[in-house]
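Contents: one structure, followed by commentary.
Note that the coordinates shown come from a computational prediction; the quantities given were computed from them, not determined experimentally.
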Amino acid sequence: MNMELRQEQERVNNVMETITEQINRLEGETSRRRKEVVNIRKHFWDEVKVNIDTFDDYLETIIGLRQEAQALSVSQSTHRHASKRLSALRRMQEAPYFGRIDFNEEGTSTAERIYIGISTLTDTSGENFLIYDWRAPVSSVYYDYQPGSAKYATPGGIIHGILEKKWQYLIRGGIIQSMFDTSLTIGDEVLQQVLGKGTDKHMHNIVATIQQEQNRIIRHDRGRMLIVHGAAGSGKTSAALQRIAYLLYKYRDMLNADQIILFSPNSMFNRYVSNVLPELGEENMQQVTFQEYLDHRLKVEFQVENPYDQLEYVLTAVDNPLYRTRIVSIRFKATNRFFEAIKSYRESLEISGMVFKGIVFRGKTIVTAKQITEKFYSSNISLRFHSRLEKLKDWLIKQIDEAEKLERTKPWVQEEIELLSDEEYHKAYTYLAEKRGFIGESIHDYEMEPKALARLIVRQKFKPLRKRIKAFRFVNIRGIYKQFFFDPIQIKQWMDREAPEEWPDICLSTVKMLDEGKLFYEDATPFLLMKELIQGFQTNSSIKHVLVDEAQDYSPFQFEFLKCLFPSAKMTVLGDFNQAIFSHASERVDFHTLTGLYGPDETVTINLTRSYRSTRPIVEFTRGIVHDSERITAFERDGERPVLTQLSNRAELHRSIASKVADLRKRQYSTIAVICKSAAESTAAYDSLSGIEEIKLVKSGSIEYEQGVVVIPAYLAKGIEFDAVIIYDASAEVYGDESLRRLFYTACTRAMHHLQLYSVGEPSPFLRGVAPESLILS
């Protein structure tokens, strides 16, 4: 071991001792704080003297309660911070730091050695920094500069200086495996080791190997919208999650993980990325799919189609006579034009067209739908739409009050009283006694009046009706949305351009679905928008940052909706337009529509063109599949060229796949995916390949990202990577239509180290653009 390495190892040893000391101290502290919190909770009321006899006593009680609550809050907060710190220190025991810069600040004579890791560490005095957090301002020098002039921004201004050297370390279990001086932005040796080791069930943070371009994403802090457009495997998602960790660190006094939400492609992807933030010492943000949000808002009223069922229809139902109508419907309902038409239709409801439900109690109509409509359009018409609805609601509550009084003397009330069980009667008696001021032992002095009990019974029976009225359930949103499609001609008054020629057929199919209590996926967001525009938007102002992954699969309509939904949030949008698997919906988002969301002055776009996931031969092969691929560059990690095997029948195909899987397993690949076009093809493939040991089928409802051998539709594999990928059938028969080109590209770009394509018969025309030297034919 050379002298420099020995000295560096001694430093690591000293740092490890400090980490161990801090862990031991914090373990004692967290244990003590935990007991303290439990104790305060247990004896909370013992410490507070509850006395409300006089105002002064009442005030003393309130002050006592507040003091105890504050003590509990402080103890809980201290325990939470100590636990979080303990978690970071335990991770640092494995690799305390990964980088070092020798930075000579302007005005000083010597360079300071600054070591960089996943969290800050000081010596026992608390004054000397042993390790700087990778998100600290000075750490940006490590990612942004080669040796020479450098600078970094601090709250106090720009610090200039000279970066003399930059070192990278590979430390495992407190032992330096390797260290080297590098003049590169990043040591390719480190990145190759990170990428070459294969994948497992989760995406990992790679703060040690952040590129300069990713660092721009992570530390970006200007405007409302950041668009990250990146090639497959360019590190979009990883950089975005590390961006969240950076923002949580930088704004730790103003921002917490609960104020950030990630819209991800599917539940399986949520699990896949679930450990990135905890590895960086931060709590996970809220993660949800757009479908889960739609279900949450609409499942009471409708059975909502999910996007994968919609896509499955598009991929497999070409022979259906209604196929053309459905495709045009999907495209049209994704547009900004349709968004504006819905808004115009809602505005027209101020004059006429509202549909209401009559108010019925015990089979008897209290207020008819016609009476509600007449009331809405004859009174308060000078008020704003939502205020008119509020006034209408108040009027309906008054009608309920009157109806309630009339019901008290009806025979059914006496019948209900006679049917009360002893327990129910006792509850009613106690409630009425306490309401009249009888408490404790004196409760038995109360003599219950029959009228009081009748009033209580009727009130309880009317309670659900009041609740429905207060929630505006008397507005027939389904009827209003359905009315939009009644007469195909009327859409002209809400649009400045012609509707598609298939519009009459679209209207018929939409009404049919609504009558069955179902919503096409393309109708879910428009229906919800209509509901929000009528009842008032349920905005969420507590969310400060929204991330949207796989943005190319959202419609302009959906982005407009998200903007309305989270009015206080900034947005980070990640996408690759070459992976637009919903490409049948040609009205998908692009740079223009995304920039228009908040305007060019509030929008910044960063392009990532370098692909790290796959080996160079795989990247060069996949570049040939898409048309605008010249911007995609491969990271210099060598490997095998992809292989295309042409077969004559399915039996041969299944034998060949089984043999290939056995070979890949021998080569220690831990994640192997057989990727199919659709769920239907996946199910058929899985049945035929069931002889392969421990093979698993991944469906759209799957939550856990499986290791081992999986059969999976291409649209579910999106965003995930595998050591080896087998394209089940890359034939012209399966991948012949141009609309499938990006789905095919997405499937192939899932491979990290090995890509095998099979074709039963003539190969897909998408392979014609591939350079002959980048593919082995067998």
Side-chain angles (χ1 to χ4, degrees), residues 4-5 7-16 18-19 88-89 91-105 111-123 128-154 159 161-195 197 204-219 235 238-239 241-243 245-246 249-250 276 279-281 612 635:
E4 191 156 26
L5 182 56
Q7 287 174 346
E8 287 290 335
Q9 184 59 58
E10 281 177 19
R11 185 185 192 277
V12 171
N13 296 344
N14 292 335
V15 167
M16 294 297 284
T18 304
I19 291 171
L89 287 167
R91 281 191 300 278
M92 290 168 77
Q93 278 187 306
E94 174 61 22
Y97 48 86
F98 52 76
R100 181 186 113 201
I101 52 174
D102 296 358
F103 186 71
N104 193 337
E105 189 179 322
E112 182 186 356
R113 288 186 174 187
I114 293 164
Y115 291 82
I116 298 164
I118 63 161
S119 187
T120 299
L121 184 76
T122 58
D123 62 11
N128 300 312
F129 281 84
L130 301 175
I131 303 171
Y132 284 82
D133 192 294
W134 65 277
R135 296 162 289 192
V138 69
S139 301
S140 65
V141 173
Y142 175 80
Y143 299 113
D144 284 345
Y145 291 97
Q146 297 179 12
S149 294
K151 62 183 179 181
Y152 64 93
T154 73
I159 304 295
I162 303 293
L163 172 59
E164 294 186 354
K165 283 187 177 181
K166 187 159 68 167
W167 289 81
Q168 290 186 295
Y169 301 83
L170 275 176
I171 302 172
R172 295 288 177 268
I175 305 297
I176 298 176
Q177 306 288 319
S178 65
M179 57 174 278
F180 45 92
D181 183 357
T182 174
S183 59
L184 299 171
T185 306
I186 176 174
D188 281 359
E189 183 182 325
V190 175
L191 188 53
Q192 289 200 6
Q193 288 198 34
V194 169
L195 298 172
K197 70 181 181 184
H204 290 283
N205 81 75
I206 49 168
V207 287
T209 55
I210 295 169
Q211 292 281 303
Q212 186 173 354
E213 54 194 1
Q214 272 100 345
N215 200 38
R216 277 183 65 212
I217 295 164
I218 291 163
R219 292 171 192 263
S238 181
L241 293 174
Q242 283 160 167
R243 166 169 169 69
Y246 171 74
Y249 174 85
K250 184 175 179 181
V276 175
E279 277 192 0
L280 297 172
Y612 299 100
F635 177 69

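- Two residues are said to be in side-chain contact when any heavy atoms from C-beta on lie closer than 4.5 Å; Tyr145 and Tyr152 fail this criterion.
- Counting heavy atoms from C-beta on, the side chains of Arg100 and Lys166 never come closer than 4.5 Å.
- Summarising the geometry, atom CD1 belonging to Ile217 is positioned 9.0 Å from atom CZ belonging to Arg243; distances are rounded to the nearest 0.5 Å.
- Checked against side-chain hydrogen bond (donor to acceptor under 3.5 Å, both in side chains), Lys151 has no partners two or more places apart in sequence or in another chain.
- When side chains are defined from C-beta on, Ile171 does not count as touching Phe98, because their heavy atoms never get closer than 4.5 Å.
- Here the shortest heavy-atom pairing between Ala95 and Arg172 reads CB-NH1, 4.4 Å.
- For the atom pair CD (Glu8) and CD1 (Ile176), the distance works out to 5.5 Å, reported to the nearest 0.5 Å.
- With sequence neighbours left out, the side chain to side chain contact (heavy atoms under 4.5 Å, CB included) criterion links Asn13 to Gln9.
- Residues meeting the side chain to side chain contact (heavy atoms under 4.5 Å, CB included) test with Ser119, sequence neighbours left out: Arg85, Ala88, Met92, Asp133.
- The closest side-chain heavy-atom distance from Leu89 to Leu121 is below 4.5 Å.
- Judged by distance alone, with hydrogens and angles left aside, the side-chain atoms of Glu94 form a donor-acceptor pair with the main-chain N or O of Gly173 at under 3.5 Å.
- Distance check: Ile131 CD1 to Ile19 CD1 gives 5.0 Å after rounding to the nearest 0.5 Å.
- By the 4.5 Å heavy-atom criterion applied to side chains, Pro96 and Arg11 are not counted as neighbours.
- Taking every heavy atom of both residues into account, Tyr132 and Ser139 meet most closely at CB-OG, 4.1 Å.
- By the side chain to side chain contact (heavy atoms under 4.5 Å, CB included) test, Glu164 pairs with Asp102, Asn104, Ala111, Ile162, sequence neighbours left out.
- Atom OG of residue Ser140 and atom CD1 of residue Ile101 lie 8.0 Å apart, to the nearest 0.5 angstrom.
- Here Tyr97 pairs with Tyr115, Tyr169 under the ring-ring contact (aromatic ring centres under 6.0 Å, His included) rule; sequence neighbours left out.
- The closest side-chain heavy-atom distance from Ile218 to Trp134 is below 4.5 Å.
- With sequence neighbours excluded, the residues that form a side chain to side chain contact (heavy atoms under 4.5 Å, CB included) with Ala153 are Ile158.
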